[in-house]
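Position 1 is the first residue of the sequence; numbering continues from there.
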Amino acid sequence: MGKRIVAVRYSPDWLALTDDDTRRFLRRHHIDENLLVDFMALWDRNLKVDYRSFRDEIAKLSRASFAAVRGAEVISHEVLRQTKRASDDLIAFVDDDDWLSPGLFEELDKACPRPLNGIWWGSILVGPQLTTYEDSQTVPLIELRPLKRVIYTNNYAVTGRALNHHGYPRLFEHYHADRRFGKFWWPPKKVPLYLSAASKHPCSTVSVQFFMAQPQFRADPRRHVERFADQLAEAVIPAEYGWLKQPVNAVEALVRRALA
């Protein structure tokens with residue numbers, strides 16, 4: 001059996017992050033390049049834990065989650081790019097605000113011992129519903145996303161064979177992988193288990209995009225952050241996903257400190 005790898009995408013030194021760093025990142029993703037600069041100024045004026053420190057602590061929680069995955073080697077995407085993988089390696093891609101079940105690869109190996117191209121599984125959303133502002137304040141934070149063939153940031157893994165054949169750029173980002181999977185002659189196998197979670201905290205880029213477009217948020221960001229803390233406290237975590245409790249509680253504690 002090949003190596004089991006957790007490959008971490010873009011994860012800067014958050015404490016040393018510059019405004020130009022954020023602009024370069026957003027340009028790569030075709031997002032308004034001043035979005036994070038404007039958000040950081042608003043956040044830092046209103047909260048006690050500044051944006052850079054908040055993101056640094058969130059990343060530490062994720063790194064602890066990745067390190068707890070049994071039998072896994074955690075590497076950066078830069079290291080992954082520099083190495084040719086063995087055909088039977090299995091590589092899961094994550095962002096630095098994602099969480100993984102400690103038994104991720106054990107469950108995948110049990111369900112699909114010899115994947116040809118890859119595997120995908122269920123993703124848990126931990127964060128507000130970004131449909132309307134009202135939904136973001138009222139809908140429960142934890143959602144088991146439907147087990148449809150949709151690739152999110154952290155609910156897929158590819159084999160070294162697929163990575164070597166199809167190429168890194170086609171599989172590294174989840175939206176590219178989602179398109180590429182549809183072209184595989186042997187599609188990645190579905191494993192009907194929830195083995196990863198996406199933490200959509202207030203400083204995550206997708207949340208920033210949504211809330212910066214909401215007049216209610218811009219007028220009183222503390223009110224939203226207070227509501228987010230309460231939603232974390234109210235979150236109902238199913239018993240079979242007990243691995244979520246520690247990071248959810250840690251994010252709540254961080255948010256409460258930001259509000260202190």
J.: Given side chains that start at C-beta, do those of Leu125 and Tyr152 come closer than 4.5 Å, heavy atoms only?
T.: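 In short, these two side chains do not touch, never coming nearer than 4.5 Å.
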J.: Compare every heavy atom of Glu252 with every heavy atom of Ala229, then report the nearest pair and how far apart it is.
T.: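 That would be O-CG, 3.9 Å.
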J.: Partners of Arg223 by side-chain hydrogen bond (donor to acceptor under 3.5 Å, both in side chains), sequence neighbours excluded?
T.: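 For Arg223 there are no side-chain hydrogen bond (donor to acceptor under 3.5 Å, both in side chains) partners, ignoring immediate neighbours.
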J.: Does Arg52 reach the main-chain N or O of Trp14 with its side chain, forming a donor-acceptor pair under 3.5 Å?
T.: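 No, because the side chain of Arg52 does not come within donor-acceptor range (under 3.5 Å) of the backbone of Trp14.
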J.: Enter the distance from Gln137:CD to Asp135:CG here, rounded to the nearest 0.5 Å.
T.: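 If I round to the nearest 0.5 Å, the distance is 10.0 Å.
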J.: Working note: Leu47 + Phe54, criterion side chain to side chain contact (heavy atoms under 4.5 Å, CB included); need CA distance, chi angles, decisive distance, verdict.
T.: CA-CA 10 Å; Leu47 282 303; Phe54 191 96; over 6 Å; no
J.: Which residues pass the side chain to side chain contact (heavy atoms under 4.5 Å, CB included) test with Ala250, not counting sequence neighbours?
T.: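 For Ala250 the side chain to side chain contact (heavy atoms under 4.5 Å, CB included) partners, ignoring immediate neighbours, are Leu61, Gln246.
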J.: Treating His29 as the side-chain partner and Ile31 as the backbone partner, does any N or O pair qualify as donor plus acceptor under 3.5 Å?
T.: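 The answer is no, because no donor-acceptor pair under 3.5 Å joins these two groups.
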J.: For a quick test of reading the model, state the closest non-hydrogen atom pair linking Ser207 to Pro202 and the distance between them.
T.: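 Nearest heavy atoms, Ser207 then Pro202: CB-O, 3.9 Å.
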J.: Taking all atoms of both residues into account, what is the closest heavy-atom pair of Lys189 and Ala111, and its distance?
T.: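 In terms of heavy atoms, the two residues are closest at CE-O, 3.3 Å.
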J.: Heavy atoms only: give me the nearest Ser204-Ser199 pair and the separation to one decimal.
T.: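 Here Ser204 and Ser199 meet closest at CB-O, 4.3 Å.
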J.: How many angstroms lie between atom CG of Asn155 and atom CG of Leu193, to the nearest 0.5 angstrom?
T.: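 Atom-to-atom, Asn155:CG and Leu193:CG are 12.5 Å apart.
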J.: Is there a donor-acceptor pair closer than 3.5 Å between any side-chain N or O of Asp230 and the backbone N or O of Arg227?
T.: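 The answer is no, because no donor-acceptor pair under 3.5 Å joins these two groups.
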J.: Determine, step by step, whether Asp21 and Thr18 satisfy the side-chain hydrogen bond (donor to acceptor under 3.5 Å, both in side chains) criterion, reporting the C-alpha distance in whole Å, the side-chain angles of both residues, the deciding distance to 0.1 Å, and the verdict.
T.: CA-CA 5 Å; Asp21 290 334; Thr18 69; 3.1 Å; yes
J.: Less than 3.5 Å apart, which donor and acceptor atoms pair up between the side chains of residues 33-42 and the rest of the protein, not counting sequence neighbours?
T.:
from, atom 1, to, atom 2, distance (Å)
Glu33, OE1, Arg27, NH1, 2.7
Asn34, OD1, Arg23, NE, 2.9
Asn34, OD1, Arg23, NH2, 3.4

J.: Keeping to residues at least two apart or across chains, list the salt bridge (charged side-chain N to carboxylate O under 4.0 Å, His left out) pairs with something in residues 101-127.
T.: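 Pairs touching residues 101-127 that pass the test: Arg4-Asp109, Arg70-Glu106, Glu107-Lys110.
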J.: Using modelled atom types only, decide if a donor and an acceptor are shared between the side chain of Ser62 and the backbone of Asp96 within a distance under 3.5 Å.
T.: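 Confirmed, Ser62 side chain pairs with Asp96 backbone.
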J.: Atom CD1 in Ile124, atom OG in Ser196: separation rounded to 0.5 Å?
T.: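 The CD1 atom of Ile124 sits 7.5 Å away from the OG atom of Ser196.
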J.: Please test Phe93 against Thr153 for side chain to side chain contact (heavy atoms under 4.5 Å, CB included), starting from the C-alpha separation and ending with a verdict.
T.: CA-CA 7 Å; Phe93 293 98; Thr153 61; over 6 Å; no
J.: Could you tell me if the side chain of Val8 sits less than 4.5 Å from the side chain of Val74, heavy atoms only?
T.: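 A side-chain contact under 4.5 Å exists here.
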J.: Rounded to the nearest 0.5 Å, what separates atom CZ in Arg161 from atom CG in Asp89?
T.: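 Between atom CZ of Arg161 and atom CG of Asp89 there are 10.5 Å.
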J.: Applying side chain to side chain contact (heavy atoms under 4.5 Å, CB included) to Asp97 and Arg55, what does each step give before you reach the verdict?
T.: CA-CA 8 Å; Asp97 50 6; Arg55 286 304 308 251; 3.6 Å; yes
J.: Please answer whether the main-chain N or O of Leu259 pairs with a side-chain N or O of Arg222 as donor and acceptor at a distance below 3.5 Å.
T.: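 Looks like yes, one N/O pair under 3.5 Å.
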J.: Salt bridge or not for Asp98 and Lys200, using N-O below 4.0 Å?
T.: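 Lys200 and Asp98: not salt-bridged.
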J.: Sorted by first residue and then second, give each ring-ring contact (aromatic ring centres under 6.0 Å, His included) pair with at least one member in residues 223-260; sequence neighbours left out.
T.: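 Non-adjacent pairs meeting ring-ring contact (aromatic ring centres under 6.0 Å, His included): Phe211-His224, Phe217-His224.
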J.: Quick one: ring-ring contact (aromatic ring centres under 6.0 Å, His included) pairs with a partner in residues 112-133, sequence neighbours left out?
T.: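 Applying ring-ring contact (aromatic ring centres under 6.0 Å, His included) to every pair that reaches into residues 112-133, excluding sequence neighbours, yields nothing.
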J.: Out of curiosity, does Val79 fall in the hydrophobic cluster containing Val158 (side-chain heavy atoms, cut-off under 4.5 Å, transitive links)?
T.: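 Yes.
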J.: In sequence, state the C-alpha distance, the side-chain angles, and the governing distance for Thr159 and Ser87, and then conclude on side chain to side chain contact (heavy atoms under 4.5 Å, CB included).
T.: CA-CA 6 Å; Thr159 60; Ser87 293; over 6 Å; no
J.: Taking side chain as C-beta onward, heavy atoms only, is Val225 less than 4.5 Å from Val255?
T.: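 Yes, side chains in contact.
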J.: CG of Leu108 to CD1 of Ile119: how many Å apart, nearest 0.5 Å?
T.: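 Reported value, rounded in 0.5 Å steps: 4.5 Å.
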J.: Say whether, by atom type as modelled, one donor and one acceptor occur between the side chain of Asn164 and the main chain of Arg85 under 3.5 angstrom.
T.: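 Looks like yes, one N/O pair under 3.5 Å.
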J.: Is there a path from Ile142 to Val139 through hydrophobic residues (I, L, V, M, F, W, Y) whose side chains come within less than 4.5 Å of each other?
T.: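 Per the 4.5 Å side-chain linkage, Ile142 and Val139 are not co-clustered.
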J.: So Phe25 and Leu17, do their side chains get closer than 4.5 Å, heavy atoms only?
T.: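 No, their side chains stay 4.5 Å or more apart.
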J.: Minimum heavy-atom separation for Ile91 to Gly160, with atom names?
T.: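 Minimum heavy-atom contact is CD1-N, 3.9 Å.
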J.: Check for a donor-acceptor pair, side chain of Arg257 on one end and backbone N or O of Val49 on the other, with a separation under 3.5 Å.
T.: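 Absent.
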J.: In the structure I gave you, are the side-chain heavy atoms of Leu15 and Ser53 within less than 4.5 Å of one another anywhere?
T.: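 Leu15 vs Ser53: side chains touch.
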J.: Whether Asp95 and Arg9 form a salt bridge (side-chain N of Lys/Arg under 4.0 Å from carboxylate O of Asp/Glu) is what I want to check.
T.: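 Salt bridge: yes.
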J.: Rounded to the nearest 0.5 Å, what separates atom OG in Ser11 from atom CG in Asp56?
T.: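 Spacing of OG (Ser11) from CG (Asp56) equals 9.0 Å.
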J.: Kindly say whether Leu147 contributes a backbone atom to a donor-acceptor pair with the side chain of Lys190 at under 3.5 angstrom?
T.: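 Yes, because the side chain of Lys190 sits within donor-acceptor range (under 3.5 Å) of the backbone of Leu147.
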J.: Assess whether salt bridge (Lys or Arg N to Asp or Glu O under 4.0 Å) is satisfied between Arg24 and Asp20, documenting all intermediate values.
T.: CA-CA 6 Å; Arg24 281 191 292 272; Asp20 282 342; 5.1 Å; no
J.: Locate the shortest heavy-atom distance separating Ala197 from Asn154; write the atom from each residue and the value.
T.: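 Of all heavy-atom pairs spanning Ala197 and Asn154, the closest is O-ND2, 2.8 Å.
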J.: Test side-chain hydrogen bond (donor to acceptor under 3.5 Å, both in side chains) on Gln129 and Glu143; report intermediate values, then the result.
T.: CA-CA 9 Å; Gln129 289 291 335; Glu143 176 196 2; 2.7 Å; yes
